[in-house]
Amino acid sequence: MPTNLIVLAAGAGTRMQSDRPKVLHELGGVPMFRHALAAGEALEPDRTVLVVGHGGDAVRKAALDFDPALVVAEQTEQLGTAHAVAAGRDALADRGGDVIVLYGDTPFVAAETLTRMAKARASGYDVVILGFEAADPARYGRLIMSGDRLERIVEFKDADDEERAVTFCNSGVVLADGALLFDLVDAVENNNAAGEYYLTDIVEIANARGLSCTAIACDEAETLGINTRTELAAAEQIFQTAARDRALEAGVTLVAPETVHFALDTLLGRDVIVEPNVVFAEGVTVESGARIRAFSHLEACHVGGGAVVGPYARLRPGAEIGNDARVGNFVEIKNALLGEGAKVNHLTYVGDATVGAAANLGAGTVTCNYDGVFKHRTEIGARAFIGSNTMLVAPVSVGDDAMTASGSVITEDVPEAAMAVARAKQTNKPGLAKRLMERLRATKAARKKD
Ligand code: UD1
Ligand code: CA
């Protein structure tokens, strides 16, 4: 049965005290709503709809930048969770199958939990709700069960003392047939304590129509919602701890796990070694056997097997480091391909470039890729040797097996196997250094006497 995903992300997030929409605050290096999308992947959604409201334009842009196949639906007024689900209706009008509702501010729902909900659906229940035993049920909606059947959900505000004593609570996640869900949502009214259209009311309506509802339970930690900066900071810690554990279990060495920061999509191969104080921003893959040395920052890049990066290296978007290549201290690489076994060991900037296999870039090499308006490419051939402090003024190429003399400013292409020297010729003035020093010292001594 195909499943479609609706992620609710229209709320104001007032308690964040922010000009930025809540779901755009970052968790694990990516906007928070991306965690709900990632969880939803467990059900291989046919179509995913993000319901936006507050800061809708910014959220829409972030969503479509990430995945142009996402559908963004607008909920201009936030009249409640049922009203928010209804905002997703048009986007799914041409789609059959089930709909699962997740929240953009609830990042930790496990894939395995959603799979269990799908099983409950497949076993015949019309509506499946995700619940949890709350340590402190506080203001959560209460799930009123009768055996395996869910009778209704009572919001805290509307609950009596007996209902408030129930500790089995609503996470907000709902799974049902799509057409049925929209039908039930249509029947929801707002005559309650909050004056809102509660999504939770669909359970009582479904039961009144002779349909069947159930709730399955997950760990309370999965239902953690983010409403404040404090909760965001706590969620970050939870995310990082889990990411480190997953890496360690997958055969990655983390020398000081608590100092390594992961993003939602970080992929590290077996036997990768990560030294202390390394940050993985979004979009990093490191192949088996590579070593990321201390204090390096990697973003949207790929590191080949056996490569060594750092200490103090910066890999920016589009850095593609070949197998067994070396990127040393204070080296920045951006949108550049480093061939197998190439070495860029010290104090170098390589941007918009291709570096051939086994090439060697000396200390202080700079690809001058930007003329103030346009970016230009530098091509360096296999086994080329770039002398220290060479400025490669792009667009420019250095052929295979070619060399540049150190201190050169290379503005013209260097043919294969050639040696390029592009610097002023050296002249030595015999004795001049000594004479100059003597004159300066004499001047200083004369000034002291005055
Ligand atoms: C909801 C549930 C409650 C559950 C709790 C779990 C309802 C009526 N109540 O309550 O049973 O225990 O979640 O956290 O569903 N949203 C919109 N548009 C709206 C309203 C909400 O997009 O018009 C989004 C919010 O941005 C948020 C989510 O839906 O991500 C939940 O809304 P919120 O107002 O926080 O619901 P709760 O009162 O927490
Ligand atoms: Ca909430």
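Quick note: numbers below take in every heavy atom, side chains included, and nothing from hydrogens, waters or symmetry partners.
- The salt bridge (Lys or Arg N to Asp or Glu O under 4.0 Å) analysis of residues 380-398, with sequence neighbours excluded, yields the pairs Arg383-Asp401.
- Within the structure, salt bridge (Lys or Arg N to Asp or Glu O under 4.0 Å) pairs that include any residue of residues 274-303 comprise Arg34-Glu282, Glu275-Arg291, Glu275-Arg293 (at least two apart or interchain).
- Partners of Arg89 under the salt bridge (Lys or Arg N to Asp or Glu O under 4.0 Å) rule, at least two apart in sequence or in another chain, are Asp186.
- Ring pair His376/Tyr370: centre-to-centre distance not below 6.0 Å.
- Heavy-atom contacts from other residues, nucleotides or ligands closer than 6.0 Å to CG of Asp148 number 12 or fewer.
- In summary, the aromatic rings of Tyr140 and Phe132 are positioned with their centroids under 6.0 Å apart.
- Asp19 pairs by the salt bridge (Lys or Arg N to Asp or Glu O under 4.0 Å) definition with nothing, not counting sequence neighbours.
- Remark: the Arg377 side chain and the Thr354 side chain contain an N/O donor-acceptor pair separated by less than 3.5 Å.
- Scanning for salt bridge (Lys or Arg N to Asp or Glu O under 4.0 Å) contacts around Glu41 gives an empty result, with sequence neighbours left out.
- Nearest approach of Ala82 to Val185, heavy atoms of both residues: O-CG1, 3.3 Å.
- Glu151 CD: more than 12 foreign heavy atoms inside a 6.0 Å radius.
- A 6.0 Å sphere centred on NZ of Lys343 holds no more than 12 heavy atoms belonging to other residues, nucleotides or ligands.
- In this structure, Tyr312 places its OH atom where only 12 or fewer heavy-atom neighbours from other residues, nucleotides or ligands lie under 6.0 Å away.
- The side-chain heavy atoms of Glu133 and Glu220, taken from C-beta on, include no pair separated by under 4.5 Å.
- A search for salt bridge (Lys or Arg N to Asp or Glu O under 4.0 Å) contacts involving Arg60 returns Glu74, not counting sequence neighbours.
- A cation-pi arrangement is not found for Arg244 relative to Phe262, the charged atom failing to lie both closer than 6.0 Å to the ring centre and inside a 45° cone about the ring normal.
- Side-chain contact check for Tyr197 and Asn192: no donor-acceptor pair (N or O, by modelled atom type) lies under 3.5 Å.
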